[in-house]
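Values below: all heavy atoms of this structure, side chains included; hydrogens, waters and symmetry mates excluded. All ligand and atom numbering here is 1-based and tracks the order in the structure.
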Amino acid sequence: MFALTKKLLAALLAFLPAPALADTVAITAARMLDVSTGRTVADPVVVVTDGRISAVGRAGTVAIPADARRIDLPGKTLLPGLIDMHVHLSRAPTLSGYRVLEYTDGFWTVLGVPHAEATLRAGFTTVRNIGTANYSDVALRQAIDGGYIRGPRIVAATYSLGATGGHCDSNTNVPSQARTSPGVADGPEAVRAKVRELRKLGAQVLKVCATGGVFSRNTDPGAQQMTFEELKMAADEAHMLGMRVAAHAHGAEGIKAAIRAGIDTIEHASFIDAEGVRLAKERGTWLGFDVYNTEYTLAEGARNGVLEENLAKERRVGTAQRENFRRSVQGGAKHIFSTDAGIYPHGDNARQFAVMVRFGMTPLQAIQAATVNAAAALGRENDVGTIAVGRFGDLVAVNGDPLANVTTLERPAVVVKGGELVRGP
Ligand code: ARG
């Protein structure tokens with residue numbers, strides 16, 4: 001009976017003129033930063049219709065529909081929602097080293113829920129989650145996109161692909177309890193199969209571990225761990241399938257092999273040399289130096305369970321990385337905003353802006369790394385990274401001028417995602 005009524009109603013509704021169901025939001029502010037040019041526009045109006053920007057311009061030049069909801073932000077500066085190209089939402093800095101063994105597998109996905117919300121409230125409306133277990137990032141993305149929980153748009157890599165015993169394998173167990181990460185693949189053909197498998201199970205981007213790392217056991221950050229042939233296979237196969245590739249790479253040789261292999265973004269890039277910077281420029285490879293987290297790890301790591309082996313590596317890598325970041329900026333390479341959140345607390349992502357400025361960027365360059373550049377590196381310029389018609393209605397508003405003081409981004413007054421207010425005013 002009920003089913004019949006519903007069917008009847010649907011049939012009747014089909015004959016009625018379509019009602020205006022569009023959800024419209026009009027956002028006004030004192031200023032808007034055009035992140036592509038660095039120009040500040042006075043009295044902006046941004047209209048968001050059904051989650052996407054439908055109009056943008058100066059007050060008086062943009063028609064605001066009568067039924068629009070309004071978000072008026074006098075005194076504030078609007079920017080596009082921020083993008084962090086390197087996060088681990090299911091990692092907690094306070095549960096480092098062997099502490100992870102106390103928790104069951106699904107725990108880490110659950111932990112991703114508050115981390116996703118903290119990240120979004122910090123103004124990061126899009127993140128690339130590059131490396132996790134149990135497909136936790138796919139689960140979080142489904143929960144966020146389905147409206148079950150709040151969080152940023154997630155581009156998920158699922159498991160990091162790497163060599164046996166490499167940075168992205170499971171290296172913490174004694175031999176009698178040894179296990180192999182599901183992301184491990186040795187040799188080009190195994191790499192090809194692994195890329196296909198990860199994509200099949202939900203990966204939208206591929207993460208490979210080209211060198212050793214800081215937080216793994218028995219690996220040397222300076223040493224290359226995937227051959228050029230393996231890296232090339234990873235890049236070619238992923239590109240054929242329509243995915244971009246991020247390479248974890250600290251050592252100079254691993255960085256250059258990854259760039260030559262056609263990988264899209266180099267994460268960490270700590271020991272990059274002059275030739276590496278030149279190659280990256282030539283190939284248009286994006287570099288993502290995670291220059292904030294060193295301070296956090298050195299101050300809090302021991303208390304958080306980070307092993308001395310790893311703290312020692314951090315002391316070595318952190319200083320070199322910052323100096324090489326400065327050289328890379330001076331050398332004119334292209335940079336993205338990659339923080340490795342999860343190494344430090346989620347929600348503190350924007351603290352990296354000040355460090356990027358301290359080591360040679362202008363505030364505008366640092367902001368571009370987290371907006372236009374990140375969007376280009378994702379291949380998502382039509383969705384995110386700028387305040388322009390057709391993009392998602394993802395916005396941040398801050399008090400004051402972010403070009404005069406980037407630390408204003410650490411405390412966004414307002415965050416809007418898809419036209420929905422997620423923070424303030
Ligand atoms: N996930 C990275 C690794 O373990 C973090 C490196 C952090 N340190 C740094 N100075 N960027 O290698």
Which pairs would a plain distance check flag for residues 404-415, meaning a side-chain donor or acceptor within less than 3.5 Å of a matching protein atom at least two apart in sequence or in another chain?
residue, atom, partner, partner atom, Å
N405, OD1, T407, N, 3.1
N405, OD1, T407, OG1, 2.7
N405, ND2, T407, OG1, 3.3
T408, OG1, N405, O, 3.0
R411, NH2, T407, O, 3.2

Please output the residues near ligand 1 using a strict heavy-atom distance under 4.0 Å, listed in chain and residue-number order.
H167, G213, V214, F215, H248, H250, H268, D290, N293, T294, E314, V317, G318, Q321, D340

Parallel, tilted or perpendicular: which one describes the rings of F325 and F289, with boundaries at 30° and 60°?
perpendicular

In chain order, what residues pass the ring pair (Phe, Tyr, Trp, His ring centres under 6.0 Å) check against H86, with sequence neighbours excluded?
H88, H268

Cation-pi check, R153 to F124: give yes when NZ or CZ is under 6.0 Å from the six-membered ring centre and within 45° of the ring axis, no otherwise.
no

Identify each donor-acceptor pair in which a side-chain atom of residues 356-367 lies under 3.5 Å from a protein atom, sequence neighbours left out, and give them as a table.
residue, atom, partner, partner atom, Å
R358, NH2, E295, OE2, 3.1
T362, OG1, Q365, N, 3.0
Q365, OE1, T362, N, 2.9

Is there a donor-acceptor pair under 3.5 Å between the side chain of R31 and the backbone N or O of G75?
yes

